[in-house]
Each structure stands twice: as structure tokens, then as C-alpha cells.
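What follows is a set of notes on a single structure, which appears directly below.
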There are 2 protein chains.
Amino acid sequence: MPCDEKKRRSLCPVTFALDQVGDKWSLLVVRDLMLLGKKTYGEFLESAEGIATNVLANRLKCLEAGGIIEKARDPENKRRYLYSLTEKGFDLTPILLEMIRWSAHHDSDAGIPKDFLDMIENDRERLIAKVRAGMTL
Amino acid sequence: MPCDEKKRRSLCPVTFALDQVGDKWSLLVVRDLMLLGKKTYGEFLESAEGIATNVLANRLKCLEAGGIIEKARDPENKRRYLYSLTEKGFDLTPILLEMIRWSAHHDSDAGIPKDFLDMIENDRERLIAKVRAGMTL
DNA sequence: GAGATTACTTGTATAATGCAAGTAATATTT
DNA sequence: AAATATTACTTGCATTATACAAGTAATCTC
């Protein structure tokens, strides 16, 4: 179980970000919340990458401890929790979009909708606003 | 030793990026090359975060295999190698800059020079050009 | 009340990391 | 020219994280 709240490897801002979301799984949970409209444990588990259930539980705990996501009981089904991004979590949007842009340029079988890519490159602010407003891919 | 060239967890562009640089160390090597003017194994080892020598060796190999950095003998000292970013590596600049921006906003003791932050937010393209041209912090 | 959902936890084998020490090639010093 | 120092690693081993399978507790449906 990582997410040692205390341990900070350095004061570098790049390191600050990596210490919180610099692993192979955290940003995929963020992606699910930010771009794919997923909200529950079960939905995250179903994602194509096949995260292990204990790793998912750990990442949700770490992301919540880091103030990136929030957890609330689903009022309509009390055995379910609804996860959501905090402001700090939504502020990761530009990082995710730049990762998508990088992959669009360097992954031969990227398959990113052209209009989405255009929007990243030419209308970033509006795209970010739409993501924040709940737009889903 | 990760960097399984073959293994791809999914076709998602976020995953594509994470599969290559989604760990706690790779982007720190990129940062050293991109923003701190470091070029050699010994310089990377000295970075504040304290990377282990075997992990550094592995990351350099993976980044090179992924076409993100290149390795060349130093003509002036043949026991030394000079590492540098490829185009693909330089294209990570926006991701790094967005990480720095995120940290500037969410890390209370961020200590990022104000003019650098202003430049990220208001004059991105010129900043990226300067980084590519070899600007160092 | 019995069975199904949902969100986890636990156990265990495998893999990655951290740390200390060692090696090989080239360069410098004496 | 021999001895020492640099530089870029590799190796071995203890610790930690991950993957996989199975189990549990609370709530819901029938």
C-alpha cells in the first residue's frame, strides 16, 4: 500500500505530482471519472486495463486521502458508493488532455476522434469547461 | 525490469502514455534532461529524489527502447555517455508543464518562480520553444 | 427468508524496488 | 608504465508492491 501521505521525495513540482498520481493506475481511475462517466467501484473494475480489486481499493483510498476524489453513499442504493472528482481532481484535466495529445501523435493505432483532437489543440479552454460540466466521450 | 515492449494494457491513449512513462521515476529523468540540463548517468543519480542505480539503469534502457531518449558516447570522454531527448521525448514538454502548473496550484510550498508560472499560463508556445532550444531553469 | 449485488478484505505467489557491493572500460596521476 | 580514480553500469538480497483467487459484510430483490 503506497500513498505515504508524509513521504515527499523532493520539493520539485514534477515530483509533487508524481508522488500523488505517478503510477500505472491512479490516472486511469481519474480518466474513468473525468472522461468516461464512471462513478462506482464496479465500473472502475470493469475497465479494459483489468485493475486488480485490491489495487483499485488502494488507489481509491490514496486518491481520496490526497483530495483528488471524494466518496459518497449513493442515496438510491445504500450498498453502493459514488466517487467523484474534487476541484483538485478536475484540475488534472490539462495533464490528461496533453497525454492524449501526445499519444495521438506517437501511437500509430491511436484511434482518437479527430474532432476531439482538434478541440484539444484549438479550443482547450472550452473543452476543459465541457469536461468539468460533465461531458463524456 | 518493466518496459515490456509488447505488453499493452489497452488501446486507450491515456494508457499508452502511462505504459511508457507512468511510474515514479521515468518523468524525473525526462525532467532532468528537459529542464535541468543534465545529460549523464552520474548527474541523474545525484538528483534530489535519490533514484537507485539499478532502477536508473532500467529506466534509461526503457526510455531508450521507447524512443524517448537517445544515448551517445561523449566524444570528449569515452567512458561517459551523453543522453538526450528525442522529438518524442521533447513532445512530453506540455505534460510536464501542466504537471508543474497543477503542483503550483495545489502544493502550498511549491516555490515555482512566478515568471515561469506566468509563462506556462500565458505564453506556452514560446516557453515550449525555449525548452526545446535548450533553456534551463 | 434466500439469493443476488456491491464494495471491499485477505492470503499467497510473483514481480519491482531499495540498498550495498562489485565489475569493466577509460582516464588521470605518479 | 603502474597505480589510482572516474564513469556507467551489474549483481545479490531484503523489502515492498502487484496479480490472482477466494472470502466477507452490508444491503437489496424476489
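Throughout, protein chains are lettered first and strands after them, A, B, ... in sequence-line order, and every chain is numbered starting at 1. The structure presented is a predicted model; accordingly, all values stated were derived computationally and were not measured.
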Holding to side-chain hydrogen bond (donor to acceptor under 3.5 Å, both in side chains), I want the full list of residues that pass it with [X], two or more places apart in sequence or in another chain.
| X | result |
| --- | --- |
| A:Arg80 | none |
| A:Tyr41 | A:Thr53 |
| A:Lys38 | A:Ser47 |

Scan the side chains in residues 85-95 of chain A for donor-acceptor partners under 3.5 Å anywhere in the protein, sequence neighbours excluded, and list what turns up.
residue : atom : partner  : partner atom : Å
A:Thr86 : OG1  : A:Gly67  : O            : 2.6
A:Thr86 : OG1  : A:Ile68  : O            : 3.1
A:Thr86 : OG1  : A:Lys88  : N            : 3.3
A:Thr86 : OG1  : A:Gly89  : N            : 3.1
A:Glu87 : OE1  : A:Arg132 : NH1          : 2.5
A:Glu87 : OE2  : A:Arg132 : NH1          : 3.2
A:Lys88 : NZ   : A:Gln20  : OE1          : 2.9
A:Lys88 : NZ   : A:Gly66  : O            : 2.8
A:Asp91 : OD1  : A:Arg132 : NH2          : 2.8
A:Asp91 : OD2  : B:His106 : NE2          : 2.7
A:Thr93 : OG1  : A:Phe90  : O            : 2.5

Whole-Å gap separating [atom2] ([N]) and [atom1] ([X]):
| X | N | atom1 | atom2 | value |
| --- | --- | --- | --- | --- |
| A:Ile51 | D:dA19 | CD1 | C1' | 11 Å |
| A:Leu28 | D:dT18 | CG | P | 13 Å |
| A:Glu49 | D:dC20 | CD | P | 14 Å |
| A:Glu64 | C:dA7 | CD | P | 14 Å |
| B:Arg73 | D:dT7 | CZ | P | 14 Å |
| A:Glu46 | C:dT6 | CD | C1' | 12 Å |
| B:Asp23 | C:dT17 | CG | P | 7 Å |

[X]: which residues meet the salt bridge (Lys or Arg N to Asp or Glu O under 4.0 Å) condition with it, sequence neighbours left out?
| X | result |
| --- | --- |
| A:Asp23 | A:Arg59 |
| A:Arg73 | none |
| A:Glu98 | A:Arg101, A:Arg124, B:Arg124 |

Q. Does a side-chain N or O from A:Arg59 land closer than 4.0 Å to OP1 or OP2 of D:dT18, or not?
A.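 True: A:Arg59 side-chain N/O within range (under 4.0 Å) of D:dT18 OP1/OP2.
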
Q: Apply side-chain contact (heavy atoms from CB on, under 4.5 Å) to A:Glu46 and list each qualifying residue two or more places apart in sequence or on a separate chain.
A: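 In terms of side-chain contact (heavy atoms from CB on, under 4.5 Å), with neighbours along the sequence ignored, A:Glu46 is linked to no residue.
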
**Q.** Residues that B:Asp107 engages under side-chain contact (heavy atoms from CB on, under 4.5 Å), provided they are two or more places apart
**A.**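 If we apply the side-chain contact (heavy atoms from CB on, under 4.5 Å) test to B:Asp107, skipping adjacent residues, the hits are A:Arg8, A:Phe16, B:Asp109, B:Ala110.
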
Q. When you check every protein heavy atom under 4.0 Å of nucleotides 9-14 of chain D, what one-letter string (B, S, -) results, 5' to 3'?
A. BBBB--

Q.
Against B:Leu63, only a single residue in B:Val29, B:Leu33, B:Asn58 fulfils side-chain contact (heavy atoms from CB on, under 4.5 Å); can you say which?
A.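 Going through the options one by one, the only one that passes is B:Val29.
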
Q | Residue whose closest nucleotide on DNA chain D lies nearer the 5' end, B:Gly42 versus A:Val55 | A |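 Counting from the 5' end, the first nearest nucleotide belongs to B:Gly42.
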
Q: Check each residue of residues 7-18 of chain B for a non-hydrogen atom within less than 4.0 Å of any atom in DNA chain D, then write out the ones that pass by number, or none.
A: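 Correct list: empty, so none.
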
Do any N or O atoms of the protein come closer than 3.5 Å to N or O atoms of nucleotides 28-30 of chain D, and which pairs are they?
residue : atom : partner : partner atom : Å
D:dC28  : OP1  : A:Lys78 : N            : 2.7

**Q.** Check ion pair B:Asp19-A:Lys24 (N to O, under 4.0 angstrom)
**A.**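 Here B:Asp19 does not pair with A:Lys24 in a salt bridge, since their nearest N and O are not under 4.0 Å apart.
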
